[in-house]
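In what follows, chains carry the letters A, B, and so on, assigned in the order in which the sequence lines appear, proteins first and then strands, with residues in each chain numbered from 1.
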Amino acid sequence: GAGVSQTPSNKVTEKGKYVELRCDPISGHTALYWYRQSLGQGPEFLIYFQGTGAADDSGLPNDRFFAVRPEGSVSTLKIQRTERGDSAVYLCASSTRVAGGQDEQFFGPGTRLTVL
Amino acid sequence: GENVEQHPSTLSVQEGDSAVIKCTYSDSASNYFPWYKQELGKRPQLIIDIRSNVGEKKDQRIAVTLNKTAKHFSLHITETQPEDSAVYFCAAISGGSNYKLTFGKGTLLTVNP
């Protein structure tokens, strides 16, 4: 079946602009995660959704970052007043969240954000 | 919070040799340890995982071992092939969160034909 998809694959923007990054999780997956991967580093946790609600947004670096998942499926990560330091690959993942245990997180291909 | 250290950062082996990548974690409550393979420009893909109630797990040429007392776990790849060349990430999920993956910095494995 279809995996996690993300759009756009690449986004180039200017410092100070607003951007939106979209994630389509695997159908039926209730859990959705956003991670940020800087060059030469492992992914870093940003936010976790269970259904429509953000269960944990402790990884968002500051209040310029915000994410929504209004219908419990597609999610959008929004970045206001972008800064050069925001340049990275933004990865989305989804999972079934089997009750009481961990389960595999399936990753999307990522959106490479470049802030000039 | 959890901290995961991964070594080495780069590893070069000859085709057919074995490769070992090691990780340590800080949170003794961590209970799930996946390994991801990421080819250049591609998404991370799970290759094997282990839970804290198991000491070793094997899947064909890949194995993972876990030492809870020492808080370290290792990935072992035998009979390496050129297509094994990629960046490998270890990760841990803390028992406190049950969902938040903390990743190591990755190991670039190069298998020379």
Side-chain angles (χ1 to χ4, degrees), chain A residues 2-7 9-10 21 23-26 29-51 53-60 88-112 114, chain B residues 1-10 21 23-25 27 29-54 57 59 64 66 73 75 86-108:
Chain A
V4 178
S5 62
Q6 293 184 244
T7 55
S9 55
N10 282 283
L21 313 179
C23 172
D24 278 88
I26 292 172
H29 280 191
T30 58
L32 185 145
Y33 316 80
W34 284 97
Y35 292 84
R36 179 166 71 174
Q37 186 173 26
S38 300
L39 192 63
Q41 303 292 317
E44 292 180 306
F45 172 83
L46 295 177
I47 187 169
Y48 156 58
F49 287 90
Q50 182 59 253
D56 182 351
D57 64 357
S58 63
L60 295 178
V89 175
Y90 289 81
L91 293 165
C92 175
S94 70
S95 72
T96 57
R97 283 296 289 146
V98 174
Q102 304 86 4
D103 54 339
E104 179 179 355
Q105 295 185 20
F106 294 83
F107 282 83
T111 293
R112 180 176 298 278
T114 303
Chain B
E2 176 66 278
N3 182 50
V4 176
E5 300 284 339
Q6 182 171 350
H7 300 280
S9 56
T10 61
I21 302 171
C23 290
T24 60
Y25 60 97
D27 187 349
S30 291
N31 52 17
Y32 175 64
F33 306 91
W35 285 87
Y36 283 84
K37 176 183 181 182
Q38 188 175 31
E39 297 177 7
L40 188 63
K42 301 289 180 64
R43 72 188 74 197
Q45 292 195 300
L46 182 76
I47 56 171
I48 195 166
D49 56 14
I50 191 167
R51 300 181 191 276
S52 59
N53 58 348
V54 175
K57 184 176 178 181
D59 183 3
V64 57
L66 171 65
F73 56 113
L75 177 71
V87 178
Y88 291 80
F89 292 98
C90 62
I93 284 187
S94 169
S97 82
N98 219 33
Y99 55 82
K100 184 189 299 186
L101 281 172
T102 300
F103 285 84
K105 291 189 175 182
T107 296
L108 174 60

Interchain contact, B/Q6 with chain A, by part (heavy-atom threshold 4.5 Å): neither
Pairing residues for A/D56 by the salt bridge (charged side-chain N to carboxylate O under 4.0 Å, His left out) criterion, not counting sequence neighbours: B/K100
Summary of salt bridge (Lys or Arg N to Asp or Glu O under 4.0 Å) pairs that have at least one residue in residues 32-43 of chain B, sequence neighbours excluded: B/K37-B/E39
Interface residues of residues 32-41 of chain A facing chain B - non-hydrogen atoms under 4.5 Å apart: A/Y33, A/Y35, A/Q37, A/G40, A/Q41
Heavy-atom closest contact (B/P44 atom, A/F107 atom, distance): O-CB, 3.6 Å
Structural part of A/S58 lying under 4.5 Å from a heavy atom of chain B: side chain
Top of A/G110, A/G108, A/A31, A/S9 for chain B proximity - count of heavy-atom pairs under 4.5 angstrom: A/G108
For B/K57, salt bridge (charged side-chain N to carboxylate O under 4.0 Å, His left out) partners two or more places apart: B/D49
